[in-house]
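Have a look at the structure below, then the notes.
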2 protein chains.
Amino acid sequence: MSTVVNETLNRRERLRAETAREIRTIALKLMGEGGPDAITLRAIAREMGMTAGAIYGYYATRDDLITTLIGEVYTGLVDAVEAARDARPADDAAGRLLAWAEALRTWALANPQGFRLVYGDAVPGYRPPEGGPAATARGRACAGLVGLIADAWPHARPARRQASYGWPDFGEELGARIRAEHPGLPPAAVAVALRAWGRMHGLLALELYGHLSPIATDPGALYRDEMLDLVGSLGLEPPVA
Amino acid sequence: MSTVVNETLNRRERLRAETAREIRTIALKLMGEGGPDAITLRAIAREMGMTAGAIYGYYATRDDLITTLIGEVYTGLVDAVEAARDARPADDAAGRLLAWAEALRTWALANPQGFRLVYGDAVPGYRPPEGGPAATARGRACAGLVGLIADAWPHARPARRQASYGWPDFGEELGARIRAEHPGLPPAAVAVALRAWGRMHGLLALELYGHLSPIATDPGALYRDEMLDLVGSLGLEPPVA
DNA sequence: GCATTCACTACACGCCGTTCAGTTTTTCTA
DNA sequence: TAGAAAAACTGAACGGCGTGTAGTGAATGC
């Protein structure tokens with residue numbers, strides 16, 4: 001079945017793909033306006049001049065659509081942070097980490113509903129599926145963060161390294177990937193990367209969910225400060241600029 | 001009208017208060033079973049042998065009920081972390097901070113839906129009201145954290161203090177409270193406290209929302225590690241135990 | 001040219017929050 | 001203590017939701 005798919009798509013298939021994309025586009029628009037809960041099959045259909053039932057020809061259920069959207073949005077997020085990282089020279093470990101973190105916050109502030117979709121409760125009892133684009137995007141994010149930590153690892157003070165971790169402490173897939181990409185990197189570095197992820201996520205989540213606004217007038221300064229502290233704790237010199 | 005309320009509550013008022021409490025209790029039970037979205041006026045009424053409309057005699061709207069619940073749950077959370085902190089001797093700054101952090105995670109794992117209720121999207125367009133129990137609880141949490149940082153402040157390395165903050169960078173109410181409770185404490189300490197909050201919240205939120213489970217097998221170890229790093233970065237010696 | 005496939009509509013079901021007129025129960029008062 | 005006033009509650013309704021299912025009309029392929 002995987003042979004000879006070279007023929008251009010049928011007119012039918014083209015229309016079909018286009019409609020599926022329109023559904024997703026409108027869903028994202030609705031999400032941007034009213035949050036993940038505004039993604040309603042009936043609202044999408046209304047916007048498209050269709051009936052809600054028609055969407056079931058494209059997505060088996062609302063959760064399926066949401067899952068697809070999460071994958072798309074998450075991928076866009078990882079694209080953004082990776083691009084920001086790669087805009088810095090490869091030997092500027094501190095700059096690359098800071099660029100990643102700053103791009104994450106910039107993206108989150110520009111797409112607050114997307115952040116909620118990816119990291120919050122999109123659906124009541126929603127459990128992300130095992131594989132799929134969302135898992136891939138998360139894998140990229142984790143691997144990217146580990147890469148940033150790996151670049152900084154030679155500078156890290158030994159005091160920070162004493163926690164005892166082994167590869168079994170981490171997901172098999174991620175562990176294998178990291179051992180391939182960064183031979184010789186100890187598993188403790190993965191723990192540092194995940195903790196760095198937590199430091200970024202924590203202040204961002206608090207800010208985006210409104211828990212910081214009545215308390216701190218400039219959450220961005222707090223966040224930058226936190227990232228500089230992180231860079232410093234890795235033994236890196238933050239850039240003077 | 002405010003005069004002479006000394007009389008014991010009417011039988012009516014007693015029954016009324018009891019019913020209101022039953023509503024809240026059942027709502028929390030439903031939340032524990034099915035998350036915040038399972039809090040449904042109809043489900044509550046069903047469980048009580050009532051009609052959904054009857055609840056409107058006690059709470060003006062579902063959001064009002066949710067708001068009340070958030071306040072209660074948040075208060076319970078702060079009670080728990082404060083108790084854990086106060087179980088340690090006053091001169092053990094590191095132990096008190098670690099106890100606070102550990103109690104936070106313990107509470108969150110025991111009440112994951114409560115964590116979602118307080119820190120996540122309880123309601124689509126929900127904006128927490130200005131005052132109320134939830135704001136009070138958050139104030140207690142912040143003040144408590146600042147207190148923990150204040151105890152550690154004399155030990156902090158000067159390198160960590162160079163960020164420039166002023167009192168206007170923080171909420172008026174919180175600022176006044178802190179200046180009263182900790183005279184001489186610079187505003188930069190508040191920033192450190194909020195960043196510490198972020199470090200706790202980040203790993204916890206990632207774990208509870210299932211973003212860490214496919215990656216790290218023991219998020220608790222990660223969390224403890226992060227907290228030890230935090231304590232160390234404050235210049236405190238973590239307890240040997 | 002015609003059978004098949006596909007996209008879609010119309011309708012139904014059960015859930016939800018919310019409102020409101022009416023009924024029942026309790027409390028207060030004359 | 002009888003009746004008025006107030007409070008508590010019901011039952012039905014409205015609109016909105018996700019989700020199925022039978023039927024319709026047009027495009028596709030032989």
Side-chain angles (χ1 to χ4, degrees), chain A residues 4 7-24 26-27 30-31 33-70 117 121-127, chain B residues 1 4-5 7-24 26-27 30-31 33-70 117 121-127:
Chain A
V4 200
E7 296 280 31
T8 73
L9 272 59
N10 292 350
R11 165 182 156 76
R12 255 230 169 91
E13 293 173 292
R14 249 187 302 117
L15 286 179
R16 191 179 165 71
E18 208 169 296
T19 306
R21 165 137 302 284
E22 192 185 354
I23 291 173
R24 272 174 277 143
I26 294 183
L30 290 171
M31 182 191 73
E33 294 166 355
D37 302 78
I39 304 179
T40 282
L41 297 188
R42 292 186 131 101
I44 296 170
R46 219 177 293 134
E47 205 105 356
M48 296 177 69
M50 281 199 339
T51 310
I55 298 180
Y56 284 85
Y58 299 88
Y59 297 96
T61 182
R62 179 177 176 268
D63 284 19
D64 271 33
L65 172 59
I66 298 282
T67 299
T68 306
L69 292 176
I70 290 178
L117 183 71
D121 293 314
V123 178
Y126 184 78
R127 285 295 92 206
Chain B
M1 50 174 67
V4 200
V5 205
E7 297 281 31
T8 74
L9 269 62
N10 291 350
R11 167 183 154 76
R12 247 216 175 104
E13 291 172 294
R14 250 187 301 117
L15 285 179
R16 190 179 166 74
E18 207 169 297
T19 305
R21 166 137 300 284
E22 192 185 355
I23 291 173
R24 272 174 276 144
I26 293 183
L30 291 171
M31 182 191 74
E33 293 166 357
D37 302 77
I39 304 178
T40 283
L41 297 189
R42 290 187 131 100
I44 296 171
R46 221 176 291 133
E47 204 105 358
M48 296 177 68
M50 281 201 339
T51 309
I55 299 180
Y56 284 83
Y58 298 88
Y59 296 96
T61 181
R62 177 176 178 270
D63 283 20
D64 271 34
L65 172 58
I66 299 282
T67 299
T68 306
L69 293 177
I70 291 177
L117 182 71
D121 290 316
V123 178
Y126 185 78
R127 285 296 93 206

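Keep in mind that this is a model prediction, so the values were computed, not measured. Note on naming: letters A, B, ... go to the chains in the order of the sequence lines (proteins, then strands), and numbering restarts at 1 for each one.
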Could you give me the CA-CA distance, side-chain angles and deciding distance for A:Y59 and A:R24, then say whether side chain to side chain donor-acceptor pair (under 3.5 Å) is met?
CA-CA 10 Å; A:Y59 297 96; A:R24 272 174 277 143; 2.7 Å; yes
What's the CD-P distance between A:E13 and C:dT5, to the nearest Å?
16 Å
Mind checking the [atom1]-[atom2] spacing from [X] to [Y]? Nearest 0.5 Å is all I need.
X     : Y     : atom1 : atom2 : answer
A:D37 : B:D37 : CG    : CG    : 7.0 Å
A:E18 : A:R14 : CD    : CZ    : 8.0 Å
B:I26 : B:M50 : CD1   : CE    : 8.5 Å
A:D64 : A:Y58 : CG    : OH    : 15.5 Å
A:I70 : A:L65 : CD1   : CG    : 10.0 Å

Only one of A:R46, A:R42, A:M48 passes side chain to side chain contact (heavy atoms under 4.5 Å, CB included) with A:I44, and that residue is A:M48
First and last nucleotide of DNA chain D in contact with chain B, 5' to 3', at under 4.0 Å to a heavy atom: what are they?
D:dA7 to D:dA13
Could you tell me, to 10°, how much the axis swings from one end of the helix from C:dG1-D:dC30 to C:dA30-D:dT1 to the other, five pairs per end?
10°
Using a heavy-atom cut-off of under 4.0 Å over every strand shown, decide if B:Y59 touches base, sugar-phosphate, or nothing.
nothing
Base contacts versus sugar-phosphate-only contacts with protein, heavy atoms under 4.0 Å: please encode nucleotides 16-30 of chain C as B, S and - from 5' to 3'.
BBBB------BS---
Is there side-chain contact between B:M31 and B:L117, with at least one heavy-atom pair below 4.5 Å?
yes
Hey, does A:L30 have a side-chain heavy atom less than 4.5 Å from the side chain of A:E47?
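In short, these two side chains touch, coming nearer than 4.5 Å.
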CD (B:E33) with more than 12 external heavy atoms under 6.0 Å
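Yes.
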